[in-house]
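Start at 1 and go down the list; that is how both ligands and their atoms are numbered. Scope of the values below: all heavy atoms of this structure, side chains included, with no hydrogens, waters or symmetry mates.
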Amino acid sequence: MPLKKTTVITGGAGFLGSHLCDRFIQDGYKVFCLDNFITGNRRNIKHLLKDRNFELIEHNVTKEIVIPGHVDCILHFASPASPVDYLNHPIPTLKVGALGTHNTLGLAKAKNARFLLASTSEVYGDPLVHPQKETYWGNVNPIGPRGVYDEAKRFAEAITMAYHRFHKVNTRIIRIFNTYGPRMRLEDGRVVPNFINQALKGRPLTVYGKGDQTRSFCFYSDLVEGIVRLLNSDYHYPVNIGNPDEFTILEFAKLVLKVTGSSSKVVYEKLPIDDPKQRRPDITLAKKYLKWKPQVKLKEGLLPTIQWFTQKEHP
Ligand code: UDP
């Protein structure tokens, strides 16, 4: 009997990691889910614990990783990923991007496995080029509060390319733009959970700055499809995956009010340091090499997301 295909997903109990666990289990893989639960949540993978193809390993990937048997693919998604989380955990964020990526690449080399790095639109910093193409090198403040995440991910990209070029590891890099959907944490501080939570509770929506900064929001299912396509492709350079529909944060606040039917007001608060003024992916590469483009409009994706946040037993 041929060996069952095996995937290691770091950060597998997080928002995106857990959706990837679901996808790979559905696709017939054996899945090792690694998480140290700094920002991941057991609830996200509870339904998988009884599946004999699913194995949870509670582990901090900045320490050596031991996986029995063969491994076909490694998806490195472990990291605090919201501005509030990486400001609360600056050193673990730097360590998981640097040491964690080194360890997962070492595992990929030892197991001769395909490796996919979850990178981020934050590598573009506060971008001076718009929309952002993969060829843009970015505008990052290395010593600002966001530097812990941005530079960790930039290092992660650099070491991934070095393992690809020097050790011939079969690597992929996805640059993930703002993504939303069920399993986001209510308290992760990002604009989507904040606004939905505020609207549902009749509290004012906290718009930072004037709300004229822009973001482009991708529904998680589109992102997961993009990840799988990139993993199955032969493209080794970074690929943007995100939804190019761009909104100002004030427009987004108004949309959340409309979709939730809330009568909350908007209040303006201080803009965080180095908050990017504009963000929109150029997805020409993903369209060309992966035949991928997002399918879910923001309005449609907000409905199941709001439903998730209205569930009683919320983490
Ligand atoms: N933001 C906001 N109010 C909030 C949370 C966030 O206006 O309660 C803004 C934030 O300043 C940024 C945008 O929304 O311009 C997206 O922030 P988020 O934390 O979701 O992620 P980012 O895209 O900055 O990584």
Engineer: Residues two or more places apart in sequence or in another chain: which of them pass ring-ring contact (aromatic ring centres under 6.0 Å, His included) with Tyr235?
Structural biologist: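 Counting only residues at least two positions away or on another chain, Tyr235 forms a ring-ring contact (aromatic ring centres under 6.0 Å, His included) with Tyr289.
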
Engineer: Would Arg154 and Asp150 pass as an ion pair if we require N to O under 4.0 Å?
Structural biologist: no

Engineer: Kindly state whether the ring of Phe115 and the ring of Tyr163 have centres lying under 6.0 angstrom apart.
Structural biologist: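 Not close enough - the centres of the two rings lie 6.0 Å or further apart.
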
Engineer: Testing the 3.5 Å rule here: is there a donor-acceptor pair between the side chains of Tyr220 and Arg183?
Structural biologist: no

Engineer: Classify the side-chain pair Glu246/Thr214 by whether it contains a donor and acceptor separated by less than 3.5 Å.
Structural biologist: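 Indeed, the side chains of Glu246 and Thr214 share at least one donor-acceptor pair under 3.5 Å.
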
Engineer: Using a strict cut-off of under 4.0 Å between a residue heavy atom and any atom of ligand 1, list the qualifying protein residues by chain and number.
Structural biologist: Pro83, Glu122, Arg146, Asn178, Gly189, Arg190, Val191, Asn194, Phe195, Thr206, Val207, Tyr208, Gln213, Arg215, Ile249, Pro272, Asp275, Arg279

Engineer: What's the verdict on salt bridge (Lys or Arg N to Asp or Glu O under 4.0 Å) for Glu157 and Lys153, showing C-alpha distance, side-chain angles and the deciding distance?
Structural biologist: CA-CA 6 Å; Glu157 288 198 5; Lys153 289 293 188 182; over 6 Å; no

